[in-house]
Amino acid sequence: MHVKETNEPNRKPNIMSLLIAKNKVSADELLTVATPAATESFQPIGHALLVDQMREAIARAGFSIKEEEHALARMGQRYFGGFSIIGKDVNASDRELVLGLRNAHDKSFAASICIGNRMLVCENLCFSSDVKLARKHTVNILRDIARVLSEAVGRCVSHFTDMTNRIENYKTIELVEDEAAGLIMSLADAKAIPAREVYPIMQQFRTPNHPEFNGRTIWSLYNGVTECLKGGDLSKLPARTMTMQSIFDARAGHNSVIESVIDASELVMEA
C-alpha cells in the first residue's frame, strides 16, 4: 500500500477524535498493507493481524472499545493505533484509558502495547507504560502474541489507578516560574521534548489553552507539555511522556508501583 506523505510546511495534521496524525487509515485499509517475508531472525507481524489480536485481548479482559483510530507512516511500514476502552474500574469524568499499539515492518522498533490516558477536555494523549511484545519479531511472537496481549491488557486497572494517584499529587505541587523553566529544560535534556518546544511549553504554563489547567502546578505544566507534543511523532510519544512522568514524579514525590517498560520475555517464556 502506498501512503502519501507530505512535507508541505503549511499542512496541518488531520485532527481525529483520538489520534492526531497525518496518515490516518481505516482498519480495513490495514488489510491492504503487505507484510514483508519472514527470515530466520525476523518474523514481521501484519498490522491488521495485530489489531485483530488486540481487539480480542480487550474483550477477554472484560473491556469494551469505545473508539479506535489507526495511522500509518513510512509508506505503511510503521503503524500506530489507539483504542479508547471502558470497563469496570477504568471510568473517570475527565479522562479515558487508552491503549496504544505500535508495529514496524522496517525493524525500527519492536511491536508494543502502550497504556495511557487521554484528557477529554483537550484530547491530549500520554502514556505511562510500554509493554514490548517481543525483543525482536521472532517466530515465537506469532505463537505467544494472544497471551502476551492479554497479560498486558490485564494491567490496565492498576495503571489507571496509579495515574489517578499521580494526577492528585501533581495538582498539589505549585511551581514558581523559575522552577517550571528548570523542569522544562530537564525535559529537553532528557529528550522528552524537542528543543523547539521549550518556549511554547513555558507559554502554556503561563497561559494554558484550556482554563481547566490554570494554577501553575505540576499538573498545569504536565498538560502544557502534552498540548505541545500533540500532533508530533506518535511512535515517540510513549517514550517522551514516560520520561516526563519520571522527572515530574521525582519532584512531586509520586512513587509509582507500576513498571513503565516491560519486555515480553517477562510475560512469556520463549522456546
Side-chain angles (χ1 to χ4, degrees), residues 8-22 82 84 92-98 100 114-130 159-160 162-256 260:
E8 297 174 15
N10 295 324
R11 174 169 178 171
K12 294 181 180 180
N14 295 316
I15 297 180
M16 306 163 69
S17 56
L18 182 56
L19 301 180
I20 297 177
K22 293 179 180 178
S84 171
S93 61
D94 60 344
R95 61 193 171 96
E96 291 179 335
L97 181 66
V98 172
C114 319
I115 304 174
N117 289 265
R118 175 178 63 160
M119 299 307 300
L120 297 178
V121 68
C122 56
E123 298 183 349
N124 291 355
L125 192 61
C126 61
F127 295 98
S128 56
S129 177
D130 190 11
H159 277 275
F160 198 74
D162 185 66
M163 190 63 185
T164 299
N165 295 334
R166 172 180 285 113
I167 290 171
E168 292 307 309
N169 282 352
Y170 284 8
K171 287 180 177 179
T172 66
I173 307 298
E174 295 185 357
L175 300 173
V176 297
E177 191 161 302
D178 285 350
E179 188 174 16
L183 287 170
I184 294 170
M185 289 306 302
S186 294
L187 296 178
D189 289 341
K191 309 300 183 185
I193 59 172
R196 65 179 180 273
E197 298 295 348
V198 167
Y199 184 69
I201 290 170
M202 193 67 205
Q203 287 296 85
Q204 283 293 324
F205 177 72
R206 291 168 172 163
T207 311
N209 286 355
H210 308 280
E212 291 83 357
F213 304 132
N214 284 328
R216 299 203 173 191
T217 62
I218 292 183
W219 180 235
S220 305
L221 183 57
Y222 182 95
N223 286 282
V225 174
T226 56
E227 181 74 14
C228 291
L229 290 179
K230 187 160 57 178
D233 188 338
L234 284 169
S235 68
K236 296 179 180 179
L237 187 60
R240 284 174 169 169
T241 53
M242 286 187 290
T243 300
M244 172 180 63
Q245 285 165 178
S246 68
I247 291 171
F248 287 2
D249 283 358
R251 173 62 183 85
H254 176 71
N255 297 312
S256 178
S260 60

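Small disclaimer: the values here were computed from a predicted structure and weren't measured.
Atom CD of Glu177 is surrounded by more than 12 heavy atoms from other residues, nucleotides or ligands within 6.0 Å. By the neighbour-count criterion of 12 heavy atoms within 6.0 Å, atom CG of Asn255 is sparsely surrounded, having that number or fewer from other residues, nucleotides or ligands.
The distance from atom CD1 of Ile167 to atom CG of Asp162, rounded to the nearest 0.5 Å, is 10.0 Å. With values rounded to the nearest 0.5 angstrom, Gln245 atom CD is found 14.5 Å from Arg240 atom CZ. Here the CD1-CZ distance, from Ile218 to Phe205, works out to 9.5 Å after rounding to the nearest 0.5 Å. The CZ atom of Phe213 sits 8.5 Å away from the OG atom of Ser220 when rounded to the nearest 0.5 Å. Atoms SG and CD, on Cys122 and Glu212 in that order, are 8.0 Å from each other to the nearest 0.5 Å. Note that the NZ atom of Lys236 and the OG1 atom of Thr243 stand 12.5 Å from one another [nearest 0.5 Å].
Residues Ala188 and Val198 approach most closely at CB-CG2, 4.0 Å, considering heavy atoms. Between Pro208 and Asn214, the closest heavy-atom pair is CD-OD1, 3.1 Å. For Leu125 against Leu237, the heavy-atom pair with the smallest separation is O-CD2, 3.7 Å. Residues Pro194 and Leu229 come closest through the heavy atom pair CD-CD2, 3.9 Å. In this structure, Leu187 and Met244 approach most closely via the heavy-atom pair CD2-CA, 3.6 Å. Minimum interatomic distance between Ser256 and Asp249 (heavy atoms only, all atoms of both residues): CB-OD2, 4.4 Å.
Proximity of a side-chain donor or acceptor of Glu197 to a complementary backbone N or O of Val225 within less than 3.5 Å is not detected. The closest donor-acceptor contact from the side chain of Thr207 to the backbone of Gln204 lies at 3.5 Å or more, if one exists at all.
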Worked verdict on Val121 versus Asp94 for side-chain contact (heavy atoms from CB on, under 4.5 Å): CA-CA 7 Å; Val121 68; Asp94 60 344; over 6 Å; no
Please report the C-alpha distance between Met119 and His210 in whole Å, then the side-chain angles of each, then the deciding distance to 0.1 Å, and finally whether the side-chain contact (heavy atoms from CB on, under 4.5 Å) criterion is met. CA-CA 11 Å; Met119 299 307 300; His210 308 280; over 6 Å; no
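Qualifying ring pair (Phe, Tyr, Trp, His ring centres under 6.0 Å) partners for Tyr222, counting only residues two or more places apart in sequence or in other chains: Tyr170, Trp219.
For the pair Leu221 and Ile201, the minimum side-chain heavy-atom distance is below 4.5 Å.
With Phe248 as the aromatic partner, Arg166 does not meet the cation-pi criteria of under 6.0 angstrom to the ring centre and within 45 degrees of the ring axis.
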